[in-house]
Amino acid sequence: MSVLVVVECDGGEVKKSSLEVASYGSQVAQMLGTTATAVAVGEATEANLAKLGEQGISKVLYDAEPRLKDFVNGAYTKLIAAAAQKEDSKIIVLANSNIGASVGSRLSVRLQASLATNVVELPKTDGGSFVVKRGAFSGKAFADVKLEGERKIIAVKKNSIEALHEAGKTAQVESFSAQLTDADFADAPKQVVMQDQAGGILLPEADKVVSGGRGMKGPENWNLIEDLAKAIGAATACSKPVSDVDWRPHHEHVGQTGITVSPNLYIACGISGAIQHLAGVNSSKVIVVINKDPEAPFFKAADYGIVGDVFDVLPKLTQAVKELS
Amino acid sequence: MKFLVCISNVPDTTTKIAFTPDNKEFNKAGVQFVINPWDEYALTRAIELKEAQGGGTVTVLNVGEADTEPNIRKALAIGADDAIRVNAAPKDAFFVAQQIANVAKEGAYDVILMGKESIDYNGFQVHGMVGELLGIPTVAPAMKLDMSGNTATLEREIEGGKEIVQVNTPFVASCQQPMCEPRIPNMRGIMTARTKPLKVVEPTGDAPRTAVAEYALPPKKQGVKLIPAENAGELIKLLRNEAKVI
Ligand SMILES: Cc1cc2nc3c(=O)[nH]c(=O)nc-3n(C[C@H](O)[C@H](O)[C@H](O)COP(=O)(O)OP(=O)(O)OC[C@H]3O[C@@H](n4cnc5c(N)ncnc54)[C@H](O)[C@@H]3O)c2cc1C
């Protein structure tokens with residue numbers, strides 16, 4: 001049996017979160033004395049798949065069926081189930097992404113596997129049990145969860161596992177067919193609309209985020225956020241009221257009822273730090289808060305802070321970054 | 001058309017999370033419970049679609065013990081027609097999914113809606129499990145849902161964009177913003193909710209497949225290092241040389 005890792009690809013490249021997933025899977029394989037095989041979904045190139053060797057993957061299965069380029073829940077589930085059967089995999093690791101969670105939940109029923117999503121650490125396997133740590137209560141807590149049964153599926157939270165990079169190692173890429181039929185494509189998209197992302201950095205994948213709240217006063221001031229984001233290579237985000245009034249698109253809304261992010265750096269500009277906002281960002285490694293109110297609750301959750309006016313501070317920060325390089 | 005809306009009962013979003021002394025359970029003492037905010041999108045959208053179709057029913061379903069009934073009544077007050085409570089603590093996602101699938105099968109529902117995930121356990125699992133148990137498509141997470149006859153057109157969020165997906169009934173969708181503006185109960189709704197049917201059924205199915213061994217709170221922050229605004233550029237140096245993040 002080998003550990004099966006699901007890697008998501010886009011535009012030929014393996015997504016960063018999938019490099020983390022691959023590294024997670026290969027470390028679990030090592031703990032269990034076996035190898036890790038990947039099954040790739042989305043648009044991939046053979047050269048990039050072979051490079052998964054650097055994350056400890058020995059073999060990659062790839063079905064070049066063109067309709068698999070876009071996410072199709074039915075077809076992806078069948079493909080991964082077939083790969084798991086071929087590899088006799090008892091453990092499947094995927095990303096805690098919209099794709100990973102959609103597919104993982106269906107697979108868990110089909111394969112009679114236990115499932116843990118939002119997992120942040122490698123498993124503990126003492127005494128024959130299998131325990132993973134996962135985020136719960138929207139970032140306000142963690143839970144150690146025991147996975148029962150012979151088969152297990154683990155969805156790994158983004159940016160929680162350091163990707164391995166063993167330069168020069170390559171994986172063997174094998175073409176693979178799951179004999180998909182039209183019925184498996186019932187939920188195939190009629191159309192795919194990608195966001196127009198400033199600087200091309202997607203918020204869910206970003207390791208740095210610059211975020212703005214109501215203190216930014218209006219959408220016309222977002223260039224200040226975007227300039228700093230561009231300078232440091234960050235994605236942009238916002239608080240809920242900002243997306244509620246359409247200053248920014250909804251997919252930038254972070255927090256308990258938006259998306260949860262855990263970048264290495266989160267810079268909050270003119271955000272008060274309400275508990276629902278903090279829930280979505282407090283697993284960020286370093287938090288910087290810029291707020292003119294020294295009593296703003298966000299300072300209690302911050303590593304670095306500037307008590308000041310965003311309109312004065314943000315241009316200075318962007319300038320300082322430019323002076324660094 | 002018959003809509004089934006699954007709601008969970010979760011701690012209010014302002015809750016400070018605490019656990020029992022052995023760290024094995026969430027400490028409910030003094031905590032106010034609400035309808036899971038994501039489920040509110042599912043509920044309101046189901047009601048809107050029913051109204052637009054000029055007929056049909058919206059049934060709310062909760063897997064929970066008797067203490068969840070105030071929030072089930074609230075869902076009825078918002079506009080659901082009737083409710084079913086499966087009388088069991090929601091032990092894990094698989095356990096809950098089996099209860100939902102059973103109810104859905106028995107009642108031959110056309111559209112099964114729920115929130116993207118619950119804000120307490122953040123599983124984001126139930127939708128797919130229910131779809132698989134029933135052998136029907138799942139669209140998750142859905143940002144938009146329109147119906148025309150038996151065909152639904154949905155926007156499914158994917159990282160970095162969205163897919164426009166069409167599926168026929170029956171199907172499962174897990175909902176999130178900006179699907180609709182969640183409604184709040186009005187006086188008339190609250191009055192009529194008292195007499196709407198709420199059926200209690202006993203759980204069936206297999207045992208849960210996961211168990212929480214222990215909860216923990218995140219490590220506390222060390223305290224904030226403040227940099228004077230006049231010297232804002234200093235922050236960038238600290239982020240590079242001390243925190244090593246840029
Ligand atoms: C059920 C529920 C779910 C929720 N979910 C979320 C969620 O997922 N995400 C989320 O973000 N919120 C969420 N909220 C809302 C949350 O409670 C707060 O209302 C929201 O986060 C506040 O956004 P804000 O910080 O941008 O605005 P405000 O609270 O208005 O704060 C603005 C801040 O900007 C500062 N400021 C103003 N001008 C300047 C200036 N010139 N320079 C510097 N600082 C300035 C002010 O001092 C203030 O601290 C939720 C609420 C509920 C009830």
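All chains are named by letter (A, B, ...) in the order of the sequence lines, taking the proteins before the strands, and each is independently numbered beginning at 1. The basis for the numbers below is simple: all heavy atoms, side chains too, and nothing from hydrogens, waters or symmetry mates.
Interface residue Lys158(A): only side-chain heavy atoms are found under 4.5 Å from chain B. With a 4.5 angstrom heavy-atom cutoff, Lys285(A) touches chain B only via backbone atoms. If you measure heavy-atom distances from Ala301(A) to chain B, the contacts under 4.5 Å come from the backbone alone. Gln112(A) touches chain B through backbone and side chain together, each having a heavy atom under 4.5 Å away. Contact annotation for Asp187(A): both backbone and side-chain heavy atoms come within less than 4.5 Å of a heavy atom of chain B. For Ala279(A), no part sits under 4.5 Å from any heavy atom of chain B, backbone or side chain. Proximity to chain B is limited to the side chain of Ile232(A), based on heavy atoms less than 4.5 angstrom apart. At a 4.5 Å heavy-atom cutoff, the contact between Pro218(B) and chain A is made by backbone and side-chain atoms alike. Only the backbone of Ala116(A) comes within contact range of chain B, judged by heavy atoms closer than 4.5 Å. With a 4.5 Å cut-off on non-hydrogen atoms, Lys225(B) touches chain A through its backbone and its side chain both. With a threshold of 4.5 angstrom between heavy atoms, Val288(A) approaches chain B through side-chain atoms but not through N, CA, C or O. If you measure heavy-atom distances from Phe19(B) to chain A, the contacts under 4.5 Å come from the side chain alone. In this structure, chain B has heavy atoms under 4.5 Å from both the backbone and the side chain of Asp70(A).
Atom-to-atom distance recorded for Lys140(A):NZ and Leu217(B):CG is 11.0 Å, nearest 0.5 angstrom. Put simply, CD on Glu159(B) and CD1 on Ile259(A) are 8.5 Å apart, with the number rounded to the nearest 0.5 Å. In this structure, CG on Asn96(A) lies 8.0 Å from CZ on Phe124(B), to the nearest 0.5 angstrom. Taking CG from Leu324(A) and CG from Leu239(B), the interatomic distance works out to 9.5 Å, rounded to the nearest 0.5 Å. Distance check, rounded to the nearest 0.5 Å: CG of Leu317(A) to CD1 of Ile227(B) gives 9.5 Å. Rounding to the nearest 0.5 Å places OG1 of Thr117(A) at 7.5 Å from CD of Glu117(B).
Per-residue heavy-atom pair counts under 4.5 Å with chain A were compared for Pro208(B), Ala243(B), Ala97(B), Pro11(B), and the maximum is reached by Ala243(B). Top candidate by heavy-atom pairs under 4.5 Å with chain A, chosen from Thr15(B), Val212(B), Ile17(B), Val165(B), is Ile17(B). For chain A, the option among Thr138(B), Val167(B), Val10(B) with the highest count of heavy-atom pairs below 4.5 Å is Thr138(B). Among the candidates Glu230(B), Met143(B), Gln222(B), Glu157(B), the residue making the largest number of heavy-atom pairs closer than 4.5 Å to chain A is Glu157(B). The candidate from His127(B), Gln98(B), Lys116(B), Lys162(B) with the greatest count of non-hydrogen atom pairs under 4.5 Å with chain A is Lys162(B). For chain A, the option among Asp92(B), Thr210(B), Asp120(B) with the highest count of heavy-atom pairs below 4.5 Å is Asp120(B).
Put simply, the side chain of Arg106(A) never gets that close to the backbone of Pro137(B): no donor and acceptor are under 3.5 Å apart. With hydrogens and angles disregarded, a donor-acceptor distance shorter than 3.5 Å links the side chain of Lys316(A) to the backbone of Ala229(B).
Residues Lys208(A) and Val245(B) fail the side-chain proximity criterion, which asks for heavy atoms closer than 4.5 Å. Looking at Phe299(A) and Leu226(B), their side chains come closer than 4.5 Å, going by heavy atoms from C-beta outward.
Crowding of Lys144(B) atom NZ: a count of heavy atoms from other residues, nucleotides or ligands under 6.0 Å not exceeding 12. Other residues, nucleotides and ligands contribute at most 12 non-hydrogen atoms within 6.0 Å of the NZ atom of Lys105(B).
Side-chain N/O atoms of Ser138(A) and Asn122(B) include a donor and acceptor closer than 3.5 Å. Inspection of the Thr13(B) and Gln256(A) side chains reveals no N or O donor paired with an N or O acceptor under 3.5 Å.
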